[in-house]
Amino acid sequence: MNMNLQLMRLIRRITGNDSEYQTADQSRILPALRLSVAFLAILLCALSQNAIYVIMIIAAELLWLSMKSPIFIRKTLKPVLIAVLFCFVLMLPAVSMGHPRTLLTVSMKVFESVLILSQLENSVSWQNMTDAFRTLHCPQLFVFTLDMTMRFLVILGRYSNSILEAVSLRRVGPDHWKTAGTGGILGTTFLRSQKMSLETSEAMACRCFDGEYRSYRRRRFSRPDALYALLIPLLIALFVYTQQAM
Amino acid sequence: MHIPDNYLSPQTCAVMAAAMVPVWTVSIKKVKAEIPKVKLPMLGVGAAFSFLGMMFNIPIPGGTTGHAVGGTLIASLMGPYAACIAVTVALLIQALIFGDGGILSFGANCFNMAFVLPFVGYAATQLIMKRVKGKNADLIGSAIGSYVGINAAALCAAIEFGIQPMLFRDAAGNALYCPYGLNVSIPAMMLGHLTLFGIAEVVYTTAVLAFVRKAAPEMKSSTEAVRTALPLKLLMAALVILTPLGLLAEGTAWGEWSTDEIAATGAGFTPSGMLSGFSYSSLIPDYSLTGMPEWLGYILSAVIGAAILIIIFKLLSVAGNSKKENLTV
Amino acid sequence: MIELQDVSYRYQSTPMQDTCALDHITCHLDMGRCYCLQGPNGCGKSTLFRILNGLSFPTSGHYIFNGMEITEKSMRNPDFSKNFHKQVGFVFQHSEIQLFCKTVEEEIAFGLQQLRLPDSEIEARVERYIQLLHLENIRQRAPFNLSGGEQKRCALAAVLAMDPKVLILDEPISGLDEEGQEWVTSFIRDLKSPDRMIIIATHQSSFAEKVADMHLQMTKEHRMTFSG
Amino acid sequence: MIELQDVSYRYQSTPMQDTCALDHITCHLDMGRCYCLQGPNGCGKSTLFRILNGLSFPTSGHYIFNGMEITEKSMRNPDFSKNFHKQVGFVFQHSEIQLFCKTVEEEIAFGLQQLRLPDSEIEARVERYIQLLHLENIRQRAPFNLSGGEQKRCALAAVLAMDPKVLILDEPISGLDEEGQEWVTSFIRDLKSPDRMIIIATHQSSFAEKVADMHLQMTKEHRMTFSG
Ligand SMILES: Nc1ncnc2c1ncn2[C@@H]1O[C@H](COP(=O)(O)OP(=O)(O)OP(=O)(O)O)[C@@H](O)[C@H]1O
Ligand SMILES: Nc1ncnc2c1ncn2[C@@H]1O[C@H](COP(=O)(O)OP(=O)(O)OP(=O)(O)O)[C@@H](O)[C@H]1O
Ligand SMILES: [Mg+2]
Ligand SMILES: [Mg+2]
């Protein structure tokens with residue numbers, strides 16, 4: 001039963017970070033645009049045959065990151081460091097197998113792509129992410145499923161949190177497996193969260209939801225967006241230049 | 001089993017993504033037609049199940065991680081088409097929100113875990129269920145099905161890894177992406193999945209199924225209607241045959257092109273110089289990189305150095321008051 | 001307008017065990033009236049409301065809305081169900097699960113957008129209901145981070161803004177402060193009109209007395225008894 | 001017994017933006033009293049209760065319970081926190097998120113088992129509270145499948161059965177039917193004793209009048225003003 005609680009704590013940790021910083025360091029750029037630029041940058045880096053392009057992207061990303069709040073930086077860098085460390089350890093044997101360069105190129109590219117993704121995920125909330133996929137004309141069913149999944153996870157996290165609090169209030173005895181009695185707690189939590197997310201979708205239906213999301217005061221394509229969009233030709237030009245000139 | 005970006009060549013990723021497009025199209029059509037609208041939110045719950053299973057991942061040698069996927073589980077609850085969509089969504093969330101598995105390799109990850117796994121798992125499940133009689137036939141079927149499914153998916157991932165060094169090398173003969181051949185990747189991948197992760201998937205699948213059967217029988221009701229139609233079987237066969245072919249074709253073409261191109265430009269880029277330039281000692285030695293204009297090297301080093309310094313100081317400033325943990329039970 | 005013919009409902013929580021929630025209910029509800037439904041805990045009020053909103057369907061019996069029977073099958077037709085939901089507004093008993101948007105403003109705008117109203121109209125209505133329900137200070141906040149009473153206000157605003165012909169409110173004043181309770185009372189009174197029906201479940205007799213034309217009473221045995 | 005010294009609380013929803021919920025609250029609550037806390041929606045009642053229960057901690061100021069300060073650090077000590085929770089009972093505003101067992105019976109027995117009471121005593125108390133709160137018909141049901149009022153009763157039973165010295169009830173009668181409201185009123189009156197403190201938040205003045213010795217009033221500005 002302690003394992004049950006432990007699992008729920010884990011779920012809370014996994015899903016809880018959404019509500020904590022839901023609008024933290026939110027970027028003012030259209031999410032769809034941000035998603036596209038991030039994708040392009042990762043793609044070009046992967047295609048790049050030399051290191052300069054990748055290093056340039058890393059430099060730009062780091063510079064941008066250094067302007068952010070410390071909390072944001074820590075949140076962003078944690079997954080990056082883990083991924084790079086993991087990659088480095090994995091690729092180390094390759095050096096002795098006659099691929100010395102692979103270690104470096106792959107680690108560097110992993111650093112770059114995880115950094116881009118991590119910044120993206122920290123500066124665009126998941127709801128905006130759903131928006132972005134809608135803007136990019138993904139199938140409705142897909143967007144809907146994405147939305148429902150995130151909703152369920154958020155509800156699950158929030159609900160686990162309050163259940164854990166409720167348990168802590170009444171779990172006043174010494175830890176003992178016999179007196180625990182919370183064996184079904186994880187299952188109950190799942191069922192209950194599922195019921196709650198179903199009810200939420202019912203509430204949406206009651207307000208005439210027909211599967212098509214529209215956003216209130218939909219963001220128009222503004223001047224910062226246009227500037228940001230300039231990154232696309234810039235990235236491509238830089239790519240072409242670095243691939244040829246050096 | 002999440003393949004991160006840059007372990008596979010962009011070409012491989014493109015082929016895998018292209019292979020997924022018809023699968024996704026068919027799945028969406030099928031789900032729309034066969035699952036009643038009120039049950040659609042269950043897709044989200046399925047995706048969340050899969051997502052949670054995938055959070056408990058353990059790194060394995062060969063460049064990826066091992067974990068339960070729950071694809072067969074969703075397939076036996078809601079059918080393979082729904083499972084395809086649900087796992088796709090779970091993978092997308094992992095890639096975008098948790099940085100697990102790459103964006104470019106998203107197609108490849110979906111191919112393994114959202115296509116091969118649930119469909120193979122479902123087929124195996126159905127096969128077993130027809131042979132076995134009794135109350136627990138569905139549990140036994142799903143158990144074996146999930147084991148077969150996850151191993152099929154792991155094999156696919158291993159092959160994708162393993163063909164990288166054969167197809168993609170730079171002028172100096174170094175692997176551009178994952179450096180391990182099939183002789184390394186297949187044992188590395190399968191060893192874990194035939195044992196630990198295969199069992200984890202089986203346990204996860206049967207535990208949740210048994211739980212759902214007991215606690216929420218209504219969740220299980222929409223499964224009977226789903227049948228793997230003949231066109232899909234054909235499509236599957238075609239994909240199984242065509243995808244590796246496509247990979248080979250793409251790979252060789254690119255490989256030749258890149259060597260040619262590098263040979264043609266000749267003077268500028270010298271991989272070996274670059275390598276000795278910064279693979280030892282610090283990342284950017286002597287404040288410049290061989291092979292690039294000196295001024296650019298200076299600027300880049302300065303930018304990176306300054307940024308890193310600022311970041312370090314900012315991190316130090318919050319190091320003391322570590323993040324508030326919620327009260328634990 | 002609304003007709004329930006011998007409606008029963010049983011919750012099938014497990015295959016073995018089912019719970020009766022409604023037992024052979026027959027009644028006829030007309031436009032232009034304000035009904036108050038009262039009854040002890042667990043008598044089936046919320047269940048009845050789910051059926052009236054086409055979220056659950058009678059285990060036996062028929063629910064006829066405006067001459068058309070509402071069944072699981074008919075609700076599967078998206079056009080039909082959207083049209084039905086356009087006419088019926090529902091405030092849940094637990095309003096925290098009824099809120100799903102990023103901000104209070106968007107929450108109120110959601111239904112209006114689904115009705116495809118022009119943008120200017122949407123903005124005007126959002127503004128109006130934010131002011132009516134005193135949500136000015138929290139208009140940009142996330143609904144799930146609000147206090148219980150604030151959530152109820154937000155849910156009320158979101159549904160009332162859509163101006164449905166049939167308005168179903170499950171315990172609309174529980175959790176509201178006294179000012180809010182008074183506001184809801186007077187708002188419902190103003191809302192009454194010949195082409196609108198209001199159905200309210202409540203445990204507060206004083207409130208029921210103030211707003212209702214007709215009282216419906218449910219018993220512990222999940223049956224309905226009328227009382228003028 | 002309970003002392004709040006200049007307690008403020010701010011919800012930090014984002015690093016940039018935070019919401020004030022309590023603003024420099026100082027008060028002293030004694031054993032043997034029944035306090036009623038009233039105030040408009042969103043004034044901070046539930047937040048105050050979270051702090052009193054050691055679920056949140058003051059952003060600034062001190063909360064002293066029985067001579068010991070309750071801080072995040074002291075609550076991390078399992079023995080200390082268990083001993084603290086043993087003395088304080090709390091019924092949530094949304095009681096549906098407070099229930100976590102498989103059946104109503106288990107829910108009530110959970111806390112009693114934690115207290116290491118003898119089995120016979122546990123059974124007797126469970127039986128007693130099931131009868132007191134009219135839960136006989138639903139004793140074997142899963143709490144999350146109950147109606148709103150039934151859930152509230154179940155949460156009340158689970159907490160009251162533990163017989164804590166300090167009892168904190170967040171809107172205990174909202175969602176209860178009239179019979180239930182009366183029962184809670186009379187039960188709280190009977191419960192009053194020199195070695196027990198009861199703190200209740202409510203929006204219903206009539207209820208507050210009936211049970212409270214002392215009225216605490218909170219304002220929209222998240223401050224506390226006393227009134228005899
Ligand atoms: N999801 C569910 N599964 C099984 N039984 C349920 C479920 N929801 C409600 N019930 C049962 O159905 C009956 C009617 O519940 P309902 O919620 O309609 O009551 P209610 O009149 O709204 O009560 P309250 O005044 O407490 O809100 C109750 O006995 C309840 O336990
Ligand atoms: N999790 C949260 N995150 C951010 N702000 C919150 C959160 N919970 C409550 N608040 C805000 O804190 C303030 C106090 O909330 P609280 O729940 O304590 O009010 P309350 O007095 O209990 O109101 P009610 O009578 O409506 O229950 C409100 O302005 C509310 O919006
Ligand atoms: Mg109800
Ligand atoms: Mg409150």
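All figures in this text were calculated on a predicted structure; none of them were measured in a lab. Heavy atoms only: backbone and side chains are in, while hydrogens, waters and symmetry mates are out. Within every chain, numbering begins at 1; the chains are lettered A, B, ... in the order of the sequence lines, protein sequences first and strands thereafter.
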Scan C:Thr19, C:Asp18, C:Thr59, C:Thr47 and name whichever one has a side-chain hydrogen bond (donor to acceptor under 3.5 Å, both in side chains) with C:Tyr11. C:Thr47

Turns out that what part of C:Leu146 lies under 4.5 Å from chain D's heavy atoms comes down to neither

Please flag which part of C:Glu179 lies under 4.5 Å from any non-hydrogen atom of chain D: side chain, backbone, both or neither. neither

Check this for me: does any side-chain nitrogen of one of D:Arg139 and D:Glu127 sit under 4.0 Å from a carboxylate oxygen of the other? yes

Test: D:Asp23 and D:Arg223 ion pair at under 4.0 Å: yes

Quick check on the interface: out of C:Glu171, C:Lys45, C:His94, who has the most heavy-atom pairs with chain D under 4.5 Å? C:His94

With a 3.5 Å cut-off and no angle check, do the side chains of C:Asp170 and C:Ser46 form a donor-acceptor pair? yes

Can you pull out the residues in residues 201-209 of chain D with any heavy atom less than 4.5 Å from chain C? D:His203, D:Gln204, D:Ser205

Chain C contact via D:Glu96 - side chain, backbone, both or neither, heavy atoms under 4.5 Å: side chain

Side-chain heavy atoms of C:Ile64 within contact of C:Ile2, under 4.5 Å: no

Max heavy-atom pair count under 4.5 Å with chain C, selected residue of D:Ala21, D:Ser174, D:Ala142, D:Pro40: D:Pro40

Would you say the side-chain atoms of D:Ser95 pair up with the backbone N or O of D:Gln98, donor to acceptor, closer than 3.5 Å? no

Parallel, tilted or perpendicular, as decided by the 30° and 60° cut-offs, for the rings of D:Tyr63 and D:Phe65: perpendicular

Could you tell me which residues satisfy salt bridge (charged side-chain N to carboxylate O under 4.0 Å, His left out) with C:Asp163, sequence neighbours excluded, listed by chain and number? C:Arg196

